[in-house]
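The sequence lines fix the lettering, A, B, ..., with proteins before strands; numbering per chain opens at 1. Side-chain atoms are counted along with the backbone in the values below, which use heavy atoms only and exclude waters and symmetry mates. Everything quoted here is computed from the prediction, not taken from an experiment.
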2 protein chains.
Amino acid sequence: MSDPAAGTPTPPPPSPWERERPARTHVTPPRAPLSRERVVEAAFTVLDRQGLDGLSMRQVAGELGVTVSALYAHVSSKDDLLELMYTRLFGGFEMPAPDPERWQEQVRDYARAGRKRLLSHRDMARISMAHVPFTAELLPHVESLLAVFRTAGLPDRIAAEAGDLISTYIDGFVLEEGMWQDRAARHSGDASSLARPDLGEMAAEMQNYFASLPPGDFPHLRALSGLMVTGSSDERFDIGLEIILRGLASYLPDPDSAAHTAPEAT
Amino acid sequence: MSDPAAGTPTPPPPSPWERERPARTHVTPPRAPLSRERVVEAAFTVLDRQGLDGLSMRQVAGELGVTVSALYAHVSSKDDLLELMYTRLFGGFEMPAPDPERWQEQVRDYARAGRKRLLSHRDMARISMAHVPFTAELLPHVESLLAVFRTAGLPDRIAAEAGDLISTYIDGFVLEEGMWQDRAARHSGDASSLARPDLGEMAAEMQNYFASLPPGDFPHLRALSGLMVTGSSDERFDIGLEIILRGLASYLPDPDSAAHTAPEAT
DNA sequence: ACCTGAACACCGTTCAAGT
DNA sequence: ACCTGAACACCGTTCAAGT
């Protein structure tokens, strides 16, 4: 946890399915007039202000006080830019050295940290969802996660699937969080209160809607409406995560640790 | 299973967060010159041919032999059209009457059927991911799924999360399937063999890549590369599904059925 | 009642031309 | 070596005008 380099070996050569980027001509001078990094930075600024649908090459250029065509000297396409943003978001992600005694805790930390990064920029989950972490920069993270699963004692075919499952869960959950925020923003002051979209008001309205359903037709939805709406997103995230962790734990050879959260005494 | 109406009560009134659609002026005449349905149909045709990125209002209009602006008499926006496609894809979805003895089987059937529908049109998972099933037409399905979980005996706070978790898994899995297909299509004949993207060749190349990694740095990735690539998508889908089902089962009051797949003898 | 045509304000990407 | 300006082929959406 306090050792960022632990479990993260050197990046591998580029994989054959990676979009090849034009090799940097040479090392950037002290204060570059425009660089790949500055373009990515500006793109994040535009993303946070306008959302993914408002993120255009022209907007990024405008943010940098430059013509659109100037961007294409540093970035080969918009897709390339999005991939750079995805890679930069997860760059320097701390991965733990696998500890069989604490594997569930480690996966929990990993998932929470991933969600936190996705939440740090608007619509980032939508960008993440469109990419696969098998790039040179991100492969060490995949390796470390697999290490945690295998060291814990999970069968290989389960461990191979677990990484995907967890990543999909994180992306999907944050994506949905963002959708509710967008909805709440559009719902209240149209464009005025876009800063703090009243999520509580949205939740209340949803709950009213569920409560207004014909009781005979939607008994379960009515009964659970409180739970589906109330409660922080953090709690809901942890519950889904726990379901997955318990499912994984059920594949451990030791039956004692199968259906319990804290396998401290082994 | 053979009774489509079972467990699917009448649709509720429109929820407050649904985009309001202009009310249909009146019932469509015998052979409509252009209708909401025909627009949606044409949109599916364009989607399958060009993918989501190539799905434009102009393309849909062209498919119908009509001007772009003509579409806006039947569909209020492109977003509206996408929502109609999403709703139509899952319309008439068969939901089972909840049976506590077979809840896992029922969830499995639901998930497989959902994946099948998503696979029936190109890029459909991307569209599905961007929507929430709380529309009037889809709410009965959510209700039925919650019914299965609650009747099985799952605690309410688990049941409330389970539906989301399963849906996210289905969407996310199929989304990734589509990404590999796109990659394989781009990778082989650029635009020639777009019909049958050689997925096997892609898998082989991926496996070669993993095998070429420095063994010291990526031991787990190397060890699992076979499992992560080989094996049909169907099997991989079922494994992830099984992990979730086992996790859910671990919350059942009866410990006997906690970590087993077939709780026949209760 | 239903569709057309033209327009508006945008896109991503390319490329000759400037400095 | 790095950026500009203009152009190309597109977008979603609106609206007066036709029939």
For this session: Kindly say if A:Q59 contacts the phosphate of C:dC10, meaning a side-chain N or O under 4.0 Å from OP1 or OP2.
Result: no
Problem set entry | Spacing between A:R38 atom CZ and D:dC3 atom P, to the nearest angstrom | 9 Å
Problem set entry | Protein-nucleotide distance (B:M57, atom CE; C:dC11, atom C1'), rounded to Å | 17 Å
Exercise. What is the distance, rounded to the nearest whole Å, between atom NZ of B:K78 and atom C1' of D:dT14?
Worked result: 17 Å
Exercise. How far, in whole Å, is D:dA9 from C:dC10 if one measures between their P atoms?
Worked result: 22 Å
Exercise. So does B:S69 get a side-chain nitrogen or oxygen closer than 4.0 Å to the phosphate oxygens (OP1/OP2) of C:dC3?
Worked result: no
Exercise. Salt bridge check: are B:R88 and B:E41 linked by an N-O gap of less than 4.0 Å?
Worked result: yes
Problem set entry | Interatomic distance where CG belongs to B:L81 and P belongs to D:dC11 [whole Å] | 14 Å
For this session: Could you state the atom-to-atom distance from OH of B:Y72 to P of D:dC11 in whole Å?
Result: 11 Å
Exercise. Phosphate oxygens OP1/OP2 of D:dC3: is one of them under 4.0 Å from a side-chain N or O of A:H74?
Worked result: yes
For this session: Measure from the side chain of A:P33, starting at C-beta and using heavy atoms only, and say which of C:dC2, D:dC2, C:dC11 lies closest.
Result: D:dC2
Exercise. Aromatic rings A:Y86 and A:F90: how do their planes relate, parallel, tilted or perpendicular, breaks at 30° and 60°?
Worked result: perpendicular
For this session: Could you walk me through whether B:E63 and B:R38 pass the salt bridge (Lys or Arg N to Asp or Glu O under 4.0 Å) test, one step at a time?
Result: CA-CA 10 Å; B:E63 182 66 28; B:R38 287 192 60 207; over 6 Å; no
Problem set entry | Check: A:F210 ring centroid to A:F218 ring centroid under 6.0 Å | no
Problem set entry | Integer-rounded Å distance: D:dC10 P and B:Q50 CD | 11 Å
Exercise. What does B:V68 touch in the nucleic acid at a heavy-atom separation under 4.0 angstrom: a base, only the sugar-phosphate, or nothing?
Worked result: base
Problem set entry | Interatomic distance, B:M206 atom CE to B:N208 atom CG [nearest 0.5 angstrom] | 11.0 Å
For this session: Let me know the distance between CG of A:L71 and C1' of D:dC2, rounded to the nearest Å.
Result: 13 Å
Problem set entry | B:R115 NZ/CZ over B:F237 ring centroid, <6.0 Å and within 45° of normal | yes
Exercise. Please give, in whole Å, the distance from D:dC11 P to A:L55 CG?
Worked result: 20 Å
For this session: Inspect the contact between A:R222 and A:D217 and indicate whether a charged nitrogen and a carboxylate oxygen are less than 4.0 angstrom apart.
Result: no
For this session: Mind checking which stems touch DNA chain C? I mean at least 3 consecutive Watson-Crick or G-U pairs, both distances under 3.5 Å.
Result: C:4-8 with D:12-16, C:12-16 with D:4-8
Problem set entry | Most 5' of A:R58 and A:T67 on DNA chain D, judged by nearest nucleotide | A:T67
For this session: Could you check B:G65 against A:A70 and say which one's nearest nucleotide on DNA chain C is further toward the 5' end?
Result: B:G65
